Amino acid sequence: MKIHVWLNEREITREIAADLPLLEFVRSEGCYSVKRGCESSNCGLCTVWIDHKPVLSCSVLAARADGTHITTLEGVEERAREFGTYLAKQGGEQCGFCNPGFIMNVLAMEDELENPTEEDMKEYLAGNLCRCSGYESQLRAVKEYLKFKMEGKA
């Protein structure tokens, strides 16, 4: 079957197998930030945006993305780098394997929620697993980043 998508603003038309997971499709197009973790929708490592909404690419068929805009970490590199500095300063970046999916969700949260509370943050980011941290450093990074962004909008 043929699909037509925009991957990080690059238009792609490609013949694919009907059962190809979106995870495999974006990786085959050079988006290696999208990680293969649990492959059962439990870890968040494979998070991408479809039409600016976070989805777990291991549980979505590429065919379902036909006609959409798909964004990976490579497509939001400047924003990701900005948040990444907060993550590193708070000690939330250890092995880094979970960072791409986590960062995609933080940036989506920034876009979707106005003035999120700590509980909003925890709920929004609950699907991101990290084997290295206790999440406190990551939560501090999110709070500091969002505080900085809100001050910039004022």
Side-chain angles (χ1 to χ4, degrees), residues 3 5-12 14 21-39 41-60 62 64-65 67-154:
I3 64 167
V5 298
W6 289 262
L7 177 59
N8 298 325
E9 302 305 320
R10 182 172 51 104
E11 192 170 9
I12 299 170
R14 189 168 132 197
L22 184 57
L23 167 70
E24 298 301 329
F25 175 76
V26 297
R27 288 183 61 82
S28 73
E29 292 293 329
C31 297
Y32 299 116
S33 70
V34 183
K35 302 291 190 236
R36 187 178 293 107
C38 66
E39 296 187 62
S41 305
N42 288 307
C43 71
L45 270 66
C46 66
T47 301
V48 301
W49 297 341
I50 294 181
D51 291 336
H52 211 71
K53 298 291 182 203
V55 300
L56 299 171
S57 63
C58 73
S59 63
V60 174
R64 297 220 26 173
T68 67
H69 290 259
I70 303 164
T71 307
T72 68
L73 192 68
E74 290 86 355
V76 291
E77 190 173 339
E78 186 175 314
R79 289 178 67 197
R81 188 175 297 117
E82 184 178 23
F83 173 69
T85 61
Y86 285 84
L87 196 57
K89 286 178 187 176
Q90 292 297 330
E93 182 177 82
Q94 294 186 27
C95 83
F97 197 67
C98 68
N99 286 358
F102 182 76
I103 291 171
M104 291 300 288
N105 276 316
V106 168
L107 297 180
M109 181 180 61
E110 174 190 358
D111 293 345
E112 289 179 27
L113 302 180
E114 192 171 316
N115 252 346
T117 65
E118 183 173 327
E119 285 306 309
D120 291 335
M121 293 175 202
K122 287 178 179 178
E123 184 177 325
Y124 201 96
L125 301 171
N128 292 94
L129 298 182
C130 175
R131 292 186 171 113
C132 300
S133 77
Y135 298 102
E136 288 304 313
S137 55
Q138 293 170 329
L139 187 57
R140 283 193 310 269
V142 173
K143 288 178 185 177
E144 286 297 313
Y145 172 74
L146 292 176
K147 178 182 172 188
F148 170 77
K149 297 304 269 187
M150 293 306 294
E151 289 171 358
K153 292 179 182 177

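All of these numbers come straight from a predicted model, not from anything done at the bench.
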V34 side chain near L73 side chain, heavy-atom distance below 4.5 Å: no
Side chain to side chain, I50 and L22, heavy atoms closer than 4.5 Å: yes
Y32 side chain to E74 side chain, donor-acceptor N/O pair below 3.5 angstrom: no
Under the salt bridge (Lys or Arg N to Asp or Glu O under 4.0 Å) test, residues paired with E24 that sit two or more places apart: R36
Smallest separation among heavy atoms of I70 and A65, with atom names: CD1-CB, 3.8 Å
Side-chain donor or acceptor of W49 paired with backbone N/O of M104 under 3.5 Å: yes
Stepwise side-chain contact (heavy atoms from CB on, under 4.5 Å) test for H52 and E112: CA-CA 9 Å; H52 211 71; E112 289 179 27; 5.5 Å; no
Nearest heavy-atom neighbours spanning C46 and L23: CB-CD1, 4.0 Å
Straight-line distance of K35 NZ to N99 CG, nearest 0.5 Å: 9.5 Å
Under 3.5 Å side-chain donor-acceptor pair for T71 and N8: no
Non-hydrogen side-chain atoms of L113 and Y124 separated by less than 4.5 Å: yes
Plane angle bin for F83 and F102 - parallel if under 30°, tilted between 30 and 60°, otherwise perpendicular: tilted
Exceeds 12 heavy-atom contacts within 6.0 angstrom, atom CD of E123: no
E110 side chain near K149 side chain, heavy-atom distance below 4.5 Å: yes
Nearest-0.5 Å distance that lies between atom CE in M109 and atom CG in L125: 4.5 Å
Min side-chain heavy-atom separation K89-E144 under 4.5 Å: no
Test log, rule salt bridge (charged side-chain N to carboxylate O under 4.0 Å, His left out), inputs E118 and K122: CA-CA 6 Å; E118 183 173 327; K122 287 178 179 178; 3.2 Å; yes
Main-chain N/O of H69 paired to D51 side chain as donor or acceptor, under 3.5 Å: yes
Minimum heavy-atom distance between L45 and G37, given as atom pair plus value: CD2-CA, 4.1 Å
Interatomic distance, T68 atom OG1 to I3 atom CD1 [nearest 0.5 angstrom]: 8.0 Å
Validation row: K143, Q90 side chains within 4.5 angstrom (heavy atoms): no
Shortest non-hydrogen contact between L107 and Y145, atoms and distance: CD2-OH, 3.6 Å
Counterpart residues, salt bridge (Lys or Arg N to Asp or Glu O under 4.0 Å), relative to D111 (two or more places apart): R79
For L87 against A141, the heavy-atom pair lying closest together: CA-CB, 3.6 Å
For the student: nearest non-hydrogen atoms of T72 and C31, plus distance: OG1-SG, 3.7 Å
Q138 CD to I103 CD1 distance, which is reported to the nearest 0.5 Å: 9.5 Å
Heavy-atom check, side chain of R14 versus side chain of F25, under 4.5 Å: yes
Student check: side-chain heavy atoms of P116 and L146 closer than 4.5 Å: yes
Polar side chain donor-acceptor pair, R27 to S57, under 3.5 angstrom: no
